[in-house]
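Let me begin by presenting the structure, written as structure tokens, before commenting on it.
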2 protein chains.
Amino acid sequence: MKKTKTWNQHVVKQENKDLVLHTIMRYDPISRAETAIKTSLNKGTVSSLVNDLIEENMVYESGPGKSSGGRRPVMLNFNRMAGCSIGIDLGVNYILGVLTDLTGEILMEKYIKYEYESYEITMQHTLEVIDYLIARQPDTPYSIVGIGVGIPGAVDLKGQVMLAPNLNWENVEIKDKLQDRYGVPVIIENEANAGCYGEKKYGVGSKSNHILYISIGIGIGIGMMLNGELYRGNNGFSGEMGHMTIDLNGNLCPCGNRGCWELYASEKGLHAAMAAYEIPPQSNDQRDLEYLIARARQNDERALALFNTVGGYIGLGVKNIVNTFNPEQVIIGNRMSSAQEWIEPAIREKLDGTLWFQKEGLHLEFSGLSTHSSAMGMAAFSIENFLKSYQYSQTAL
Amino acid sequence: MKKTKTWNQHVVKQENKDLVLHTIMRYDPISRAETAIKTSLNKGTVSSLVNDLIEENMVYESGPGKSSGGRRPVMLNFNRMAGCSIGIDLGVNYILGVLTDLTGEILMEKYIKYEYESYEITMQHTLEVIDYLIARQPDTPYSIVGIGVGIPGAVDLKGQVMLAPNLNWENVEIKDKLQDRYGVPVIIENEANAGCYGEKKYGVGSKSNHILYISIGIGIGIGMMLNGELYRGNNGFSGEMGHMTIDLNGNLCPCGNRGCWELYASEKGLHAAMAAYEIPPQSNDQRDLEYLIARARQNDERALALFNTVGGYIGLGVKNIVNTFNPEQVIIGNRMSSAQEWIEPAIREKLDGTLWFQKEGLHLEFSGLSTHSSAMGMAAFSIENFLKSYQYSQTAL
DNA sequence: CTTAATTTGTCTAGTGGATGAACAAAGTTT
DNA sequence: AAACTTTGTTCATCCACTAGACAAATTAAG
């Protein structure tokens, strides 16, 4: 049975209602008349759609606004408390969960730090975090509209986790598990995709339609927003650029190849280069970032040089990315972004080596939401998903 | 003045008409009833839209078809001769022009080979080719629906040529020039984008929605089709992956950086490596490809080894591309594709080194249209552009 | 050979949503 | 106080899609 999408007046209404809702969200507060102008819809049409939205609890009136020489407008507000969204950032040694309203504002958060555990324990922690947030949600008409979980690994389009090396997960199913338990839509996504979406919605990426978000932690992952939409690839595995070869004859990577970018430009890279700069390792795992930042803060020459070197490697990859995508904005996110001060000059220097027309309108920035971009991005996925679908599901109201 | 796209019955009709037309194009010949089923539109709606299309000369009836136990259907055909399209591939030392019908079938072509000349001479040759094809076009209701020109260089979204190093062009305007002269819509595009589109429409890419087309000639350029649409980047300069660094400490590239991919994996790469394999250069420019292929055909060990090495470099870049995009299909096009026999094994070997889930559903292929992908792609751009717009412009009919 | 069933394509009445204009209500400016 | 503005609702109209009836054309069955 082949089903092509056809266009009829139902779709028209759906789309226009969505347009009106998003216009109100964006300009909140705004009058009906102003909304009609912004959307270039007819006043009457807007009126009728707004009344629908009010009945559905998505919009409310907040009394008269300022007159500009005529009848005072009735201001409309997006009902940010029509429901709540939950976003989870499943880190390698932490879990961050946020409960947000429908504008993505954080109402509550829960952070757990733990050392590496088995899959079962990790899941148990995750459920605890979700339970905690659900138990404390405010009273809203739609309650929890969805749960999103960001994973540091490859997730396919169906939400299956194919491989999360740092969690030691392979072929893990958690979407249905969570969906069954909580009875709400669940979205599983790659952590870099989530971070990219978070920055686009609530961070430094709000004005760009072509964003490459580079999540640099232990490894490197990329989230890409192209033409205003997240690109996932054929199966959902786009952005695995940590394993881009930048050095033909470089060191061996656990992935089996030589000279992968993340060996040079991630926390792994920092760790590997410490010996060369005669900086004694602090611990025997690879998490020296805070330690190195502390030293850099005290103007330790070796640490500064090290950051400069790694910054250069990051810049090299960024240059490759710019040549590939011709983006509007490149955002450096995740843990490495806290070293902005010491790596940024080296990155920018490399970027100067790209062809002149690539630099036109290109912005390099660092994460605006810092540690929260992933969790907030996942919450945003669920919100957007809800806004696209509530109009069907709630016909029973 | 902010204009958001709103949805009304005009848009609905437009979209449905487009859907019907494309359905007829795809299943040609097909009856009205069958079209209604395929599009899931109402029979009456299809009838009315088809009659519009017939009046507009886009569709015609070709008499009764086979009955399946009832009244015999009236078969509908797409009127491939409603107009013609012209596609030009502006090569470094040749110009290929094709005149096609609206299905992209080549009705006539004109090939000119010439040594490098100034911009003025090149343009003069281009005009000659176009004039030649226009003079010989068949009689059609819409005549020439557009002209597309593929350029081996960076073209911005407005059709300005920013830089075409191998043509020695910088900041050249030809779109308006052609448009003024011929009075039809003109599209200027990067040659790799054109090739990608050509392969998607008429070549080996017809079934894929996520295609990376790698145009390997003197240099390397990429055309990408993501989610079924060509991706151009923020300004139109995506796909400049020839200058992706794959060797940190590699040789200097004219672009100012070290170890660019195209130094290793293009015709430049072949040329550079010839000395190491003790193959005497044949000419003093960098076009030894035909010469090397001739030697490989005779099983010349050195030539085979050389192709194997360069194939490995190509494969390395393809691996990077696969990790970045998670594509459905990778197509090797342009001149280097004629060495398929000798480079393919090395490329596939490198591809085996990618993570297992990246390989799922991934197809590596070589250009199906060979030397014609760019020109046909450009013709296809003009056709698609016409099909999207004729419904507005021809209201005066 | 007649009759029933099937398929195609047109036509008509009805539905739903957008539009434009009229209008009342509620302001501001002169 | 009068004239002008702005807002938001209402109503008649338009337009595209839909469902269902129907005639024409054909095959299948008795």
Side-chain angles (χ1 to χ4, degrees), chain A residues 3-21 23-24 27 29-55 59-77 391 395, chain B residues 3-21 23-24 27 29-55 59-77 391 395:
Chain A
K3 259 279 165 74
T4 326
K5 188 178 184 183
T6 65
W7 301 86
N8 52 35
Q9 57 274 64
H10 282 100
V11 179
V12 169
K13 181 167 186 183
Q14 183 80 23
E15 294 288 339
N16 283 337
K17 200 157 123 184
D18 206 63
L19 179 61
V20 166
L21 179 58
T23 305
I24 295 173
Y27 295 99
I30 186 175
S31 69
R32 286 173 174 80
E34 187 71 15
T35 304
I37 294 170
K38 295 268 187 234
T39 58
S40 70
L41 284 167
N42 185 277
K43 280 194 300 176
T45 307
V46 169
S47 238
S48 128
L49 293 175
V50 163
N51 290 342
D52 279 15
L53 288 167
I54 289 176
E55 209 152 289
V59 163
Y60 63 93
E61 300 181 331
S62 60
K66 268 232 150 10
S67 157
S68 60
R71 171 173 161 184
R72 293 169 68 189
V74 178
M75 300 316 276
L76 301 169
N77 300 69
Q391 301 164 7
T395 42
Chain B
K3 259 280 166 77
T4 325
K5 187 179 186 183
T6 64
W7 300 86
N8 52 36
Q9 58 273 61
H10 281 102
V11 179
V12 169
K13 180 165 186 181
Q14 182 80 22
E15 294 289 338
N16 283 336
K17 198 156 124 185
D18 205 63
L19 179 61
V20 168
L21 178 58
T23 304
I24 295 172
Y27 295 99
I30 186 174
S31 69
R32 287 175 173 79
E34 186 72 14
T35 304
I37 293 169
K38 295 267 188 235
T39 58
S40 71
L41 284 166
N42 184 277
K43 282 193 298 175
T45 307
V46 169
S47 238
S48 128
L49 293 176
V50 163
N51 290 342
D52 278 16
L53 288 168
I54 289 176
E55 209 153 289
V59 164
Y60 62 92
E61 300 181 331
S62 60
K66 269 232 149 8
S67 158
S68 60
R71 169 173 162 186
R72 294 169 66 189
V74 178
M75 300 314 277
L76 302 170
N77 300 69
Q391 300 163 6
T395 41

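Note that the structure is predicted; figures quoted are calculated from it, not measured. Convention: sequence-line order gives letters A, B, ...; per-chain numbering from 1.
Residue side chain Arg71(A) reaches the base of dT7(D) through a donor-acceptor N/O pair under 3.5 Å, judged by distance alone.
With hydrogens and angles ignored, the 3.5 Å screen pairs no side-chain donor or acceptor of Arg72(B) with any backbone N or O of Lys66(B).
In this structure, Ile37(B) atom CD1 and dG9(C) atom P are separated by 10 Å, rounded to whole Å. The distance between atom CE of Met75(B) and atom C1' of dT26(D), rounded to the nearest whole Å, is 15 Å. Rounded to an integer number of Å, the gap from CG of Leu76(B) to C1' of dG9(C) is 11 Å. Taking atom CG of residue Asn51(B) and atom P of nucleotide dC17(D), one finds them 13 Å apart after rounding to whole Å. When rounded to the nearest whole Å, the span between CZ of Arg72(A) and P of dC4(D) equals 24 Å.
Atoms OG1 and CG, from Thr35(B) and Leu19(B) in turn, are 9.5 Å apart once rounded to the nearest 0.5 Å. Between atom NZ of residue Lys13(A) and atom OG1 of residue Thr45(A) there is a gap of 10.5 Å, rounded to the nearest 0.5 Å. Here the CG-CG distance, from Asn16(B) to Asp52(B), works out to 12.0 Å after rounding to the nearest 0.5 Å. Between the CD atom in Gln14(B) and the CG atom in Leu49(B) there is a gap of 10.5 Å [rounded to 0.5 Å].
Qualifying side-chain hydrogen bond (donor to acceptor under 3.5 Å, both in side chains) partners for Ser62(A), counting only residues two or more places apart in sequence or in other chains: Asn77(A).
Within residues 62-70 of chain A, the residues approaching DNA chain D are Ser68(A), Gly69(A), Gly70(A), by heavy-atom distance under 4.0 Å.
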Q) Along nucleotides 11-19 of chain C, 5' to 3', which nucleotides get a B, which get an S, and which get a -, given that the test is a protein heavy-atom distance under 4.0 Å? A) B---BBBSB
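Across all strands, Val74(B) comes closer than 4.0 Å only to sugar-phosphate atoms, never to a base (heavy-atom distances).
At a threshold of 4.5 Å between non-hydrogen side-chain atoms, the residues Val12(A) and Gln9(B) do not count as touching.
Closest approach of Pro73(B) and Ser31(B) over heavy atoms only: CB-CB, 3.5 Å.
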